[in-house]
Number of protein chains: 2
Amino acid sequence: MNPRGTAASALLGAVLRHGPVARTTIARLTGLSPAAVTRNCAALAGLGLLTEVAGPLPYRGMGRPHTPVDVETGRHLVAGIHIAHEHCTLALLDLRGRVRARLRVPHRDPDDHEDVLATAADRLVRLHAEHLPGHVPLGLGVAAGGWVDTEAGVLVEHTSLGWRDVPVRDLLAARTGLPVLVDSHARALARAEQLFGAAGHHESLVHLFVGNVVDAAIITGGGTHRGARSAAGGVAHLALGDPAIDCPCGRSGCLEATVSDRAWAWRAYEAGVISRPSITELGDAAVAGNAAATALLVERTRIVARAAALLFDIVNPDVVVVTELGVIRLPECARALRAEVAASARVCPSPSAVLPSSFGPDVLGVAAGAVQLDAIYADPLNLRNPIRLGV
Amino acid sequence: MNPRGTAASALLGAVLRHGPVARTTIARLTGLSPAAVTRNCAALAGLGLLTEVAGPLPYRGMGRPHTPVDVETGRHLVAGIHIAHEHCTLALLDLRGRVRARLRVPHRDPDDHEDVLATAADRLVRLHAEHLPGHVPLGLGVAAGGWVDTEAGVLVEHTSLGWRDVPVRDLLAARTGLPVLVDSHARALARAEQLFGAAGHHESLVHLFVGNVVDAAIITGGGTHRGARSAAGGVAHLALGDPAIDCPCGRSGCLEATVSDRAWAWRAYEAGVISRPSITELGDAAVAGNAAATALLVERTRIVARAAALLFDIVNPDVVVVTELGVIRLPECARALRAEVAASARVCPSPSAVLPSSFGPDVLGVAAGAVQLDAIYADPLNLRNPIRLGV
DNA sequence: GGCACTTCGTTGCACCGGGCAAAAAAGTGG
DNA sequence: CCACTTTTTTGCCCGGTGCAACGAAGTGCC
């Protein structure tokens, strides 16, 4: 009745969501028969993805006690590389998406993509050998801003780095011996939120990312929506920004041109709020209590919220997650976001429908690894075939 | 390897798309094995959904000739009821979505939903008995503007009719004895376009409907996206309209308030272009060569196109279909639509990515029936169980 | 301790749907 | 009538699931 691996995938997902949990409960949660649960648990345990835990069993007075199963986080891991403007973020995650090791590697020569990727791969191998040599790496996920062709594993265009048609997957696979999956920033984050985030595990989700790039990702019941040209989620040039600001795209008032980290930091710098045009500095100032800095970040949040409201109306997802510095670091911004979305959206969202991102400073590493974890969770039994070790 | 009925569904879909077609070709198109094609064809033929046709066989010189199969349009039909402001449109469609009989039934008392629905049901039964008594009805689809809860089959809110929480499905099922499915206007049309429209059979599609209601529907790889509250596609209150026009929602500049049929007809009337505030009259005038009328409709199209471009950027579907009077009836509007979308969208759409609706005056009937046809095409073997005749 | 009772987990069996491969069918050309 | 080609069917096996019976692991009562 189900596609191959679907049962195992649903089962693994239920275990991920509901912590250590008894097989009977899994059956109830997934709609599978107890028999199927047993069999799939055995299969997944055989692959090292699940374990029986001797957890504290809250015995319920009658009957045979539970023997809870849980995700096995001690045997495998997944690697992630996030490619940013100035550095790569490397991360090793366990199967619950928790960061077990992390490293930031600045680009030696940003123009030389081969060097950047080779360095990242080598450092990743070392990171693994030094920190978690006992864990078997299952794969490598790569997240990058810009235009990514997921199918081909190619970074088609990364504007700020100036890369074009870089075969990221093949380069990294050759260097690490791992299966590599590449996806865009926003989509990776969206999936990470859905799998591991505080957002819960809603069926549909929209992720709005605001950094130097402004991008959105849409997940519906059918999975991540990539769009005809892998270009879905193009909110960068919505006319929600300051009409006085010209955008490289040729028009003015574009969202990205107005609220990108660079643009906003510059604005704060010019206003004399901070001493260098750096968004981090602006955030630090606001956290430290600088009222002008806070006000500026709240103002940015208000603009971002209009985009969130738009997405909310058009896609009507269960939840909209926003990754933006202010929203993550300042409660004032989180409040402003909710208030503004509630005011602009047509269908009034419940307060829990608009959430800041859940991954603090690890966002990027989690996102990258999530690309690979997503694939594993989608078809866990597939690990049978390509048992490739290599790092 | 596939969910139940998926193979049959894919097969039927391929036959629908590629006209009479040989089994081998179907296997190639669907990726199924020839054996599976044979078996599923037999099953579907047994249900009366497919037939072997003795078509003109273009023999290719060697080997056993094709025996093409095609959708069986002579045995079954599907009924549709579209509920509009002043009347219901009834239609009987064959399995290719072609209208075989049609009837428009004005509401006797628009406030009395029971009477409206009962009348429609009775007239539908009569329509069937008079025109196509030999065809077995498989089900009834209902499309309505406003807020529809598809699960429950309830019309939650129809603003212009003032209906609230009308259990459309149960009322009509009781009266006709047919399985009834209800969905919103835009989603029904979107599905109709995808199944039967000139839009081809793209995986992802956005439908923008502009009538007295402005609404959009999103279909992605995973199917029609309904959203958390069945409210996806809420473009009515995007701030793309005339900021001077107040909307009942409390804000101003809303798209619907500006470009709805009613609003625009009124505008044309006040400008002295037509003698009554009727959008049909405006359309007729434009078709007859009235330059002012044409200009007004083109102007509306431009505004509508901005919404289309927005949807194009955010969702990035294979194709955007627009159902709006001007675009359908006037080549000038169709051209303006394409030009404006190309100018406003960030990712430049190919010319064929923005299309006017394909169903001329039958739109509404087709849309309604498509709700049911969609379900049949999604799981054709399911007809085994509820073989309910009744009309 | 033994037994009834309850709930959890497993195992045996049949079924469904699909792929593979061999066979049958339906043409043409010699 | 036979060789040849391509389409279609049939037989067989296999993976995965549900159902139902069974085994397991506790408590509580006598």
Side-chain angles (χ1 to χ4, degrees), chain A residues 1-12 14-15 18 20-47 50-70 379-382 384-385, chain B residues 1-12 14-15 18 20-47 50-70 379-382 384-385:
Chain A
M1 200 203 238
N2 284 309
R4 193 198 67 159
T6 286
S9 173
L11 193 158
L12 189 54
V15 175
H18 298 92
V21 63
R23 289 175 172 80
T24 317
T25 316
I26 300 175
R28 213 165 9 86
L29 290 168
T30 57
L32 293 167
S33 69
V37 172
T38 291
R39 283 187 285 252
N40 277 290
C41 278
L44 292 172
L47 290 169
L50 285 183
T51 10
E52 291 196 356
V53 295
L57 47 149
Y59 189 63
R60 287 205 303 276
M62 272 181 297
R64 173 173 170 175
H66 302 298
T67 48
V69 292
D70 198 1
D379 189 5
L381 298 184
N382 196 28
R384 277 183 302 205
N385 316 327
Chain B
M1 201 204 241
N2 284 309
R4 195 199 66 159
T6 286
S9 173
L11 193 159
L12 189 53
V15 174
H18 299 92
V21 63
R23 287 175 173 80
T24 317
T25 316
I26 300 175
R28 211 164 13 83
L29 290 168
T30 58
L32 293 167
S33 70
V37 172
T38 292
R39 281 187 285 252
N40 277 291
C41 278
L44 292 172
L47 291 169
L50 284 182
T51 11
E52 290 196 354
V53 297
L57 46 150
Y59 190 65
R60 288 207 301 275
M62 272 181 297
R64 175 173 172 174
H66 302 299
T67 49
V69 292
D70 199 2
D379 190 5
L381 299 184
N382 197 29
R384 277 183 302 205
N385 316 327

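Throughout, a chain's letter reflects where its sequence line sits, starting with A, and its residues are numbered from 1. Treat the numbers as computed from the prediction; the structure is a model and nothing was measured. For the numbers below, each heavy atom of this structure counts, side chains included, while hydrogens, waters and symmetry mates do not.
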Inset, instruction - Specify the closest pair of heavy atoms between B/L44 and B/P380, including all atoms of both residues, with the distance to one decimal. - result: CD2-CB, 3.6 Å

Inset, instruction - Using a 4.0 Å heavy-atom cut-off, write out nucleotides 25-30 of chain D from 5' to 3' as B (base contacted by protein), S (sugar-phosphate only) or - (no contact). - result: BBS---

Inset, instruction - Rounded off to whole Å, could you give me the CG-to-C1' distance for the B/L11 and C/dG17 pair? - result: 14 Å

Legend entry - Spacing between B/L381 atom CG and C/dC15 atom P, to the nearest angstrom: 19 Å

Legend entry - All side chain to side chain donor-acceptor pair (under 3.5 Å) counterparts of A/R23, not counting sequence neighbours: A/E52, A/T67

Inset, instruction - May I ask you to evaluate whether A/T67 reaches the phosphate of C/dC8, defined as a side-chain N or O under 4.0 Å from OP1 or OP2? - result: no

Legend entry - B/S33 side-chain N/O to C/dC20 phosphate OP1/OP2 under 4.0 Å: no

Inset, instruction - Could you tell me whether the side chain of A/T25 and the main chain of A/V21 form a donor-acceptor pair under 3.5 Å? - result: no

Inset, instruction - Give the rounded distance in Å between these two atoms: NE2 of B/H66 and P of C/dA25. - result: 20 Å

Inset, instruction - For A/N40 and D/dG15, give me the distance from atom CG to atom P, rounded to whole Å. - result: 14 Å

Inset, instruction - Test B/L50 against B/D70 for side chain to side chain contact (heavy atoms under 4.5 Å, CB included), laying out the working first. - result: CA-CA 6 Å; B/L50 284 182; B/D70 199 2; over 6 Å; no

Inset, instruction - Take the protein atom CD1 of B/I26 and the nucleotide atom P of D/dT8, then report the distance between them rounded to whole Å. - result: 8 Å

Inset, instruction - Might you point out which heavy atoms bring B/V69 and B/C41 nearest each other, and give the distance in Å? - result: CG2-SG, 4.4 Å

Inset, instruction - Tell me which of B/A22 and A/P34 sits closer to the 5' end of DNA chain D, going by the nucleotide each one is nearest to. - result: B/A22

Inset, instruction - Could you tell me whether the side chain of B/R39 has a donor or acceptor atom within less than 3.5 Å of a complementary atom in the base of C/dG19? - result: yes

Inset, instruction - Examine distances only and state if a side-chain atom of B/T51 and a backbone atom of B/V53 form a donor-acceptor pair shorter than 3.5 Å. - result: no

Inset, instruction - Have a look at the helix from C/dG1-D/dC30 to C/dG30-D/dC1 and give the angle its two end axes make, five pairs each, rounded to 10 degrees. - result: 30°

Inset, instruction - Indicate, with a heavy-atom threshold strictly under 4.0 Å, whether A/A35 touches base, sugar-phosphate, or nothing. - result: base

Inset, instruction - Locate the shortest heavy-atom distance separating B/T30 from B/A10; write the atom from each residue and the value. - result: CG2-O, 3.7 Å

Legend entry - Atom pair CG/CG of B/N40 and B/L32 - distance to nearest 0.5 Å: 7.0 Å

Inset, instruction - Could you walk me through whether B/L11 and B/V37 pass side chain to side chain contact (heavy atoms under 4.5 Å, CB included), step by step? - result: CA-CA 7 Å; B/L11 193 159; B/V37 172; 4.2 Å; yes

Legend entry - d(CZ, A/R23; C1', D/dA24) in whole Å: 13 Å

Legend entry - OP1 or OP2 of C/dT7 under 4.0 Å from side-chain N/O of A/T24: no

Legend entry - Integer-rounded Å distance: C/dA26 P and B/E52 CD: 11 Å

Inset, instruction - Tell me which of A/V37 and B/V37 sits closer to the 5' end of DNA chain C, going by the nucleotide each one is nearest to. - result: A/V37

Inset, instruction - Check the distance between C/dT10's P and A/L32's CG and give it to me in whole angstrom. - result: 14 Å

